[in-house]
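Atoms within a ligand are numbered from 1 in the order they appear, just like the ligands themselves. All values reported here derive from a predicted model rather than from experimental measurement.
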Amino acid sequence: MRLIWTTDLHLDHTAELDRLRWIQSIASQPADGVIITGDISEGDDVIAQLRHLENSLSVPIFFVLGNHDFYHSSIGTTRQRVVHAARESGNLHYLTDTGAIALGNEPLVTLVGEDGWGDASEGNYEDSPIELKDFHLIEDFQRTDSSTWKQQLNRLGAEATARLQVKLESISPAVRQVIIATHVPPFCEACWYEGKTTDENWAPFFVCGQLGKMLLSHTVRHPHQQFTVLCGHTHHGGTAKMSENLIVRTGAASFGFPKIEGTIEASSDGVSLERH
Ligand SMILES: [Fe+2]
Ligand SMILES: [Fe+2]
């Protein structure tokens, strides 16, 4: 199984020619599928972009949404619209809405996913000077008092964690390799910026800590399975080996210039990534 991984496309910031070049670069690769780990565009454009992709590529597109995908809309409305679009499509698979997916003719390799959220469970939310655009561009935060934001972030992380846990628990013990696609790094150790990991100020918004804690506990209880997390959000790449059977790969990105992050070869023997 050969998969193309790409992340943080921000296609609303991308010139038409660069967008077409990027799609062409994916279409020209021999692959069985594409994985997108969020920030595809913004809420008013994300479905149009997904449909363009679906019409341009002949392979399944597995994706999650990132925080930017909810801009100028609400989280619930955007998810509902994307769920609807993906369910009526043949090749779009919104992983937040699907269970575990066996990959092609490799029944021992399974893909699951969740949007995830910077859930304010890591770092120092109270003293952080960071105020993401999310709070002003996503209706859930826009229309609520700032005193409720931390609670909302916690809740979004908890909901993503609970959904992902159910999916992971449903995977047959016979499965050897589990690929997890999510937008936000689940650990501070996987939250890269210029070769270093996050500090106390950024961690509340750039780490989905509850999801990370669940993953650590789940992977310890399933030592015969290997878990590979693919994530984005920081726009800086890196790899964090969290335990013998849990590795987190964070993808790089630059606004306006979507690229292929890497090619994944997946079989029951292993999941390897060649970064482009
Ligand atoms: Fe992004
Ligand atoms: Fe993001």
Side-chain angles (χ1 to χ4, degrees), residues 5-15 18-19 22 34-46 49-50 53 62-75 78-79 82 94-96 113-123 125 128 130-142 149 152-153 156-157 159-160 164 180-188 190-194 197-199 201-212 229-238 248-262 275-276:
W5 173 32
T6 178
T7 192
D8 292 85
L9 316 173
H10 296 282
L11 293 171
D12 53 304
H13 281 67
T14 306
D18 292 322
R19 191 181 68 82
W22 167 74
V34 175
I35 297 178
I36 307 174
T37 45
D39 279 0
I40 294 161
S41 185
E42 293 189 343
D44 45 4
D45 181 50
V46 64
Q49 295 294 354
L50 285 166
L53 273 176
F62 306 102
F63 68 94
V64 295
L65 299 179
N67 50 320
H68 282 247
D69 293 312
F70 304 106
Y71 282 11
H72 311 296
S73 182
S74 74
I75 297 168
T78 306
R79 279 192 180 141
V82 172
Y94 179 26
L95 296 173
T96 299
E114 262 301 325
D115 298 345
W117 208 275
D119 68 355
S121 69
E122 297 287 345
Y125 178 90
S128 173
I130 312 296
E131 191 164 313
L132 290 190
K133 284 204 294 185
D134 295 18
F135 296 121
H136 306 288
L137 295 178
I138 300 174
E139 288 173 12
D140 304 66
F141 301 107
Q142 265 177 335
W149 290 349
Q152 289 193 63
L153 299 177
L156 287 162
E159 289 170 355
L164 186 61
I180 301 164
T182 190
H183 181 57
V184 177
F187 302 102
C188 291
C191 185
W192 298 98
Y193 182 75
E194 293 183 344
T197 53
T198 187
D199 65 19
N201 289 331
W202 291 93
F205 313 103
F206 278 76
V207 178
C208 192
Q210 295 172 89
L211 198 140
V229 178
L230 305 176
C231 59
H233 189 48
T234 71
H235 290 209
H236 289 250
V248 184
R249 301 189 182 276
T250 310
S254 55
F255 274 103
F257 301 96
K259 68 178 186 73
I260 295 175
E261 178 62 25
R275 292 203 195 243
H276 284 212

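Legend: protein N/O/S atoms lying under 2.8 Å from the Fe ion (ligand 2), waters omitted, number 4.
Under the 30°/60° scheme for interplanar angles, the aromatic rings of H233 and F206 are found to lie parallel. Note: H136 and W149 have perpendicular aromatic rings, judged against thresholds of 30 and 60 degrees for the angle between ring planes. Ring geometry for F135 versus F205: interplanar angle over 60°, hence perpendicular rather than tilted (30 to 60°). In this structure, Y94 and F63 have parallel ring planes: the angle between them is below the 30° cut-off, well short of the 60° mark.
Two residues are said to be in side-chain contact when any heavy atoms from C-beta on lie closer than 4.5 Å; T6 and P258 fail this criterion. Put simply, the side chain of L9 does not reach to within 4.5 Å of the side chain of T14, judged on heavy atoms.
Distances from the Fe ion (ligand 1) to each N, O or S atom of H10 single out NE2 as the nearest.
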